[in-house]
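What follows is a set of notes on a single structure, which appears directly below.
Here the structure is a predicted model, which is why all the values come from computation and not from measurement. Numbers here are sequence positions counted from 1.
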Amino acid sequence: MKMIRMSNIHKHFGSLQVLNGVSLEVDKGEIISIIGPSGSGKSTLLRCMNQLEKIDRGVVEIEGVVVEAVGDKEKTITATQQEIKASFRKMGMVFQSFNLFPHMTALGNVIEAPMLVNKMAKEDAIQIAEKQLDKVGLLAKKDVYPSKLSGGQKQRVAIARALAMNPDIMLFDEPTSALDPELIGEVLSVIKTLAQEHMTMVIVTHEMSFAREISDRVIFMDGGKILEDCTPVEFFENPRHPRIKTFLEKML
């Protein structure tokens, strides 16, 4: 089953073209790492998947539902607004910068969306939040405020918050880029656990060894385009595009 299908995606910011005809499909249970230099369009592509950015042209489908269709005569949006919103709620997003509410405890951060968006009773939301905090190894920190948590702990709370919405797909936008090196491992360990549970994931990352270990496919982007879409073995051991060889020489 295609969880995500993006076709001929274009995105501009003013005169700057950030995505230039990008097409990508993600199957159920698949783990895809998106790699590339800064400014290549990786994070923008991720944000276009869940409508944090509006596309200028192309088609976005989530689990078979056309949620965006711009400038494509073959595809039209037939879903209701309610169905489109439901499709986007199937995606959890973890950002570089945690985005936790500073005035809420770890538990408070995790229960907020289930209560506010899903209209869940507080006691039910707490039960789910405690389960997810336990999953990321932070149940003992449930009453602690973000200011008292390390960067790695904040990011794990952010992951628990996304999981509390019971997503079908998890999107990670460079989840370790704001962390000190010694804290990166604890976040990657949580993502590896999700991989073992066959969670569908799209991960923008600079962690090469992690991408090689965890991914079913590696996508390489540069200049707003996908230059390579292949297995980790092919990508790291036999890259076909000269731009990838240059990139890997600098990164590895």
Side-chain angles (χ1 to χ4, degrees), residues 1-97 99 113 117 158 162 165 167-175 177 199-206 211 215-230 241 243:
M1 177 184 180
K2 300 298 179 189
M3 301 295 279
I4 301 170
R5 181 182 278 116
M6 303 182 80
S7 307
N8 195 30
I9 302 299
H10 293 255
K11 177 64 182 177
H12 293 79
F13 292 112
S15 60
L16 179 65
Q17 184 162 18
V18 182
L19 297 176
N20 185 8
V22 174
S23 295
L24 174 65
E25 294 184 350
V26 182
D27 289 330
K28 183 176 177 62
E30 196 170 29
I31 300 164
I32 294 178
S33 290
I34 303 179
I35 292 171
S38 297
S40 59
K42 308 182 302 295
S43 294
T44 300
L45 179 63
L46 212 63
R47 293 172 68 85
C48 287
M49 284 183 190
N50 64 357
Q51 245 184 0
L52 288 175
E53 298 288 354
K54 292 283 191 178
I55 61 174
D56 296 322
R57 182 177 160 200
V59 179
V60 180
E61 298 175 62
I62 307 297
E63 295 187 359
V65 177
V66 177
V67 293
E68 273 195 288
V70 182
D72 188 322
K73 295 178 181 178
E74 302 299 318
K75 292 282 186 178
T76 56
I77 298 174
T78 57
T80 65
Q81 279 299 114
Q82 189 173 2
E83 288 170 331
I84 291 172
K85 287 181 180 179
S87 293
F88 284 115
R89 286 175 188 165
K90 294 174 181 178
M91 287 190 283
M93 180 87 170
V94 177
F95 301 88
Q96 299 177 39
S97 54
N99 291 359
V117 178
M165 292 295 286
D168 293 339
I169 306 158
M170 284 289 286
L171 309 179
F172 293 88
D173 186 9
E174 298 191 31
S177 65
M199 170 67 77
T200 306
M201 293 189 282
V202 182
I203 307 165
V204 172
T205 183
H206 289 298
S215 307
D216 296 304
R217 283 160 53 208
V218 174
I219 306 289
F220 183 82
M221 292 188 67
D222 194 22
K225 296 182 177 182
I226 291 176
L227 300 187
E228 186 68 279
D229 179 349
C230 60
H241 200 286
R243 179 66 184 92

Answer yes or no: is there a side-chain heavy-atom contact under 4.5 Å between D27 and M3?
no
Considering all heavy atoms, the nearest A162-G92 contact
CB-CA, 4.2 Å
Atom pair OG/CD of S7 and E61 - distance to nearest 0.5 Å:
6.0 Å
Shortest non-hydrogen contact from L19 toward G41:
CD2-O, 3.5 Å
Check: G14 main-chain N/O paired with H12 side-chain donor or acceptor under 3.5 Å:
no
Among T44, L227, L45, find the one that has a side-chain contact (heavy atoms from CB on, under 4.5 Å) with M221.
L45
Could you tell me whether the side chain of K11 and the main chain of K54 form a donor-acceptor pair under 3.5 Å?
yes
Quick one: does M49's side chain get under 4.5 Å of V202's, heavy atoms only?
yes
Measure the spacing between CZ of R47 and CG of L171 and express it to the nearest 0.5 Å.
11.0 Å
Check: T200 side chain, G29 main-chain N or O, donor-acceptor pair, under 3.5 Å:
yes
For K90, look at atom NZ and say whether over 12 heavy atoms of other residues, nucleotides or ligands are found less than 6.0 Å away.
yes
Please tell me if the side chains of E228 and I219 come closer than 4.5 Å, counting only heavy atoms from C-beta onward.
no
Can you measure from CG (D216) to CD (E30) and round to the nearest 0.5 angstrom?
5.5 Å
Just by distance, do the side chain of S23 and the backbone of N8 share a donor-acceptor pair under 3.5 Å?
yes
Could you go through V94 and D173, starting from their C-alpha distance and side-chain angles, then the distance that decides it, and tell me whether this counts as side chain to side chain contact (heavy atoms under 4.5 Å, CB included)?
CA-CA 6 Å; V94 177; D173 186 9; over 6 Å; no
Could you tell me which non-hydrogen atom of V204 sits nearest to which non-hydrogen atom of P175, and how far apart they are?
O-CD, 3.6 Å
Keeping the roles fixed (side chain from S215, backbone from V218), state whether a donor-acceptor pair exists under 3.5 Å.
no
With a 4.5 Å heavy-atom cut-off, do F172 and M93 have their side chains touching?
no
Strictly by modelled atom types, are S177 and Q96 linked by a side-chain donor-acceptor pair under 3.5 Å?
yes
Can you check whether R243 reaches F220 side chain to side chain, under 4.5 Å on heavy atoms?
yes
So, S40 and D222: side-chain donor and acceptor under 3.5 Å apart, yes or no?
no
So which heavy atom on G224 is nearest to which on V22, and how close?
O-CG2, 3.2 Å
Between H206 and K42, is a side chain to side chain contact (heavy atoms under 4.5 Å, CB included) present by the stated rule, with each step listed?
CA-CA 11 Å; H206 289 298; K42 308 182 302 295; 4.2 Å; yes
P167 to M199 - nearest heavy-atom pair and separation
O-CE, 3.7 Å
Any chance you could measure F88, atom CZ, to I169, atom CD1, to the nearest 0.5 Å?
10.0 Å
Of all heavy-atom pairs linking I62 and S87, the shortest is CG2-O, 3.7 Å
Verify side chain to side chain contact (heavy atoms under 4.5 Å, CB included) between K28 and E63, making sure each step is shown before the conclusion.
CA-CA 9 Å; K28 183 176 177 62; E63 295 187 359; over 6 Å; no
Quick check for you: to the nearest 0.5 Å, what is the distance between D56 atom CG and E68 atom CD?
9.5 Å
Quick one: does I55's side chain get under 4.5 Å of V60's, heavy atoms only?
yes
Between C230 and R217, is there a side-chain heavy-atom distance shorter than 4.5 Å?
no
Does K2, at its NZ atom, have more than 12 non-hydrogen atoms belonging to other residues, nucleotides or ligands within less than 6.0 Å?
yes
Value for CZ (R57) from NE2 (H10), rounded to nearest 0.5 Å, stands at 4.0 Å
For the pair F95 and L46, evaluate side chain to side chain contact (heavy atoms under 4.5 Å, CB included) and give the outcome as yes or no after the intermediate values.
CA-CA 10 Å; F95 301 88; L46 212 63; over 6 Å; no
